[in-house]
Amino acid sequence: MMNTLTKSLLASAIAVTLVSGVQAEDAVTVYGKLNITAQSNDVQGDSKTEIQSNASRLGVKGAFDLGNNLEAFYTIEYEVDTGADTKNNFEARDQYVGLKGSFGAVSLGRSDTLLKKSQGKVDLFNDLSGDLKNLFKGENRMSQTATYMTPEFSNFRFGVTYVAEADADQDYTYVNGAGETILKETDGFSVAGMYGDASLKSTPVYFAVAYDSEVKGYDILRATAQGKIAGLKIGGMYQQQEKSENGDSKSGYLFSLAYEIDAVTLNGQYQDMEDLGSSWSVGADYKLAKPTKLLAFYTQREYDAKPKDDNYIGIGISHSF
């Protein structure tokens, strides 16, 4: 019943938004993405095949001119897990409302942190089995956030995300000097400075430095860079992460390469995190049209504390609308 209600509410929201958009000349966009792969997943010796949904999504976004150089904007987005065991396959993604003007942009709601956004497109296997989130902390979408982004100055932008203490993911435990387990409830901050176009269309390079303070129990420093020379994209990331209370600092890095040959893009990526493990991925995309591509990939991940490697191989199709 809950799934039926969720789908009805989502469909109603889209329909009402479209109607109101036409009446009020609101710039409304219904968008989505289906990214589905047929995979063989070998996890610690347990092998099985799956038809896997990779962060497929459906959303509505829009903007409304309020006059005086002020604009209201919003996003309501859900992940749709086509491979879920049950029909309850909707999960909340970014859902926020905000105001934009000469001062920059302010938004409130559920949102990715600035540290997560700062990665740009350096992760060539984002949403797939080789996603950097499997070894790096910080890929957080928090439910109670306030975000401010400055206007762009000579391709530079700066921003901060505040995560409220009431967000349940902000609760964490640690052991104090007396051996007592303490529950801590705290707010957090995520800040970032970025240069260039993450899609490498208007600028040939992209750089970002970001820092999380007590976000989901971790303090994280992340530096990201990516550049394009002819058909070759070269990317890198350095990350230092530690638990906010009594945590040892660990560091890791990621390198990625992509090479375009007509409609084919070849991808390669290597990632390592100290005392946790490493992974490497290779793949290829074949663009059928601007919104549609075929894809194939292989990922191997090794964990320091586990006896066997994990292996993933998949082929699939991705279509955006």
Side-chain angles (χ1 to χ4, degrees), residues 29-42 49-59 61 75 77-83 93-94 112 116-134 139 155 194-208 224-237 254-271 279-301 310-321:
T29 301
V30 178
Y31 67 94
K33 179 180 180 181
L34 286 167
N35 186 338
I36 301 175
T37 50
Q39 294 191 203
S40 174
N41 299 335
D42 185 345
T49 58
E50 293 187 28
I51 306 299
Q52 186 167 308
S53 179
N54 306 293
S56 299
R57 66 204 67 169
L58 175 65
K61 61 183 178 181
T75 292
E77 184 177 303
Y78 285 90
E79 180 172 334
V80 184
D81 186 356
T82 64
R93 287 176 58 89
D94 284 353
D112 291 343
K116 181 180 179 181
K117 292 177 180 177
S118 74
Q119 71 168 266
K121 298 183 181 298
V122 71
D123 182 4
L124 302 180
F125 294 85
N126 183 47
D127 294 333
L128 299 175
S129 299
D131 193 307
L132 67 82
K133 68 182 180 183
N134 292 291
E139 296 299 285
N155 293 317
M194 294 160 281
Y195 171 83
D197 174 17
S199 297
L200 302 178
K201 293 180 179 178
S202 59
T203 61
V205 294
Y206 171 78
F207 299 104
T224 304
Q226 191 175 34
K228 185 175 183 179
I229 304 173
L232 180 66
K233 291 182 182 179
I234 304 172
M237 178 184 291
L254 176 150
F255 293 110
S256 64
L257 289 171
Y259 185 65
E260 298 177 7
I261 309 172
D262 297 325
V264 176
T265 302
L266 304 177
N267 301 309
Q269 188 160 292
Y270 180 79
Q271 183 183 9
S279 73
W280 60 271
S281 301
V282 292
D285 301 337
Y286 179 74
K287 186 180 290 186
L288 297 171
K290 186 176 181 179
T292 310
K293 67 179 181 181
L294 302 177
L295 59 115
F297 70 90
Y298 173 76
T299 293
Q300 182 180 86
R301 185 176 303 113
D310 295 342
N311 297 274
Y312 307 86
I313 185 169
I315 57 173
I317 183 170
S318 176
H319 178 75
S320 301
F321 58 91

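These numbers come from a predicted model, not from an experiment.
Side-chain atoms of S256 come within 3.5 Å of backbone atoms of V122 as a donor-acceptor pair (strictly under, hydrogens ignored). Between the side chain of R301 and the backbone N or O of S129, at least one donor-acceptor pair lies under 3.5 Å. Judged by distance alone, the side chain of D94 and the main-chain N or O of D112 form a donor-acceptor pair under 3.5 Å. The main-chain N or O of L132 is found under 3.5 Å from a side-chain atom of Q271 such that the two form a donor-acceptor pair. Side-chain atoms of D197 come within 3.5 Å of backbone N or O of S202 as a donor-acceptor pair. The closest donor-acceptor contact from the side chain of S53 to the backbone of V80 lies under 3.5 Å. Counting only distance, with no hydrogens or angles, the side chain of S56 and the backbone of D81 share no donor-acceptor pair below 3.5 Å.
Using a 4.5 Å cut-off on side-chain heavy atoms (C-beta onward), L295 and S318 make contact. Annotation: side chain of I315 is not in contact with side chain of L294 (no heavy-atom distance under 4.5 Å). You'll find the side chain of K228 stays beyond 4.5 Å of the side chain of P204, heavy atoms only. You'll find the side chain of T82 reaches within 4.5 Å of the side chain of L34, heavy atoms only.
G120 and A198 make their closest contact through CA-CB, 3.9 Å (heavy atoms, listed as atom of the first residue, atom of the second, distance). Considering all non-hydrogen atoms of both residues, E260 and K233 come closest at OE2-CE, 4.0 Å. For M194 against Y206, the heavy-atom pair with the smallest separation is CG-OH, 3.4 Å. Of all non-hydrogen atoms in V205 and T203, the two that sit nearest each other are O-OG1, 3.0 Å. In terms of heavy-atom proximity, S281 sits nearest to G130 at OG-CA, 3.8 Å. Heavy-atom minimum distance, L124 versus A258: CD1-CB, 3.9 Å.
Atom OG1 in T29 sits 12.0 Å away from atom CZ in F321 (nearest 0.5 Å). Taking CG of N54 as the start and OG1 of T37 as the end, the distance is 4.0 Å to the nearest 0.5 Å. In this structure, CG on D123 lies 10.0 Å from NZ on K133, to the nearest 0.5 angstrom. Interatomic distance, NZ of K293 versus NZ of K287, reported as 8.5 Å (0.5 Å rounding). Distance check, rounded to the nearest 0.5 Å: CD of Q269 to CG of L257 gives 9.5 Å. For the atom pair CD1 (I51) and CD1 (I36), the distance works out to 9.0 Å, reported to the nearest 0.5 Å.
Using modelled atom types and a 3.5 Å distance limit, the side chains of N41 and Q52 yield a donor-acceptor pair.
A salt bridge links D127 to R57: one of the charged nitrogens lies within less than 4.0 Å of a carboxylate oxygen.
The environment of I229 atom CD1 is sparse: at most 12 non-hydrogen atoms of other residues, nucleotides or ligands sit within 6.0 angstrom. The neighbour count for Y259 OH, taken as heavy atoms of other residues, nucleotides or ligands under 6.0 Å away, does not exceed 12.
K61 forms a cation-pi arrangement with Y31, by the criterion of a distance under 6.0 Å to the ring centre and an angle within 45° of the ring axis.
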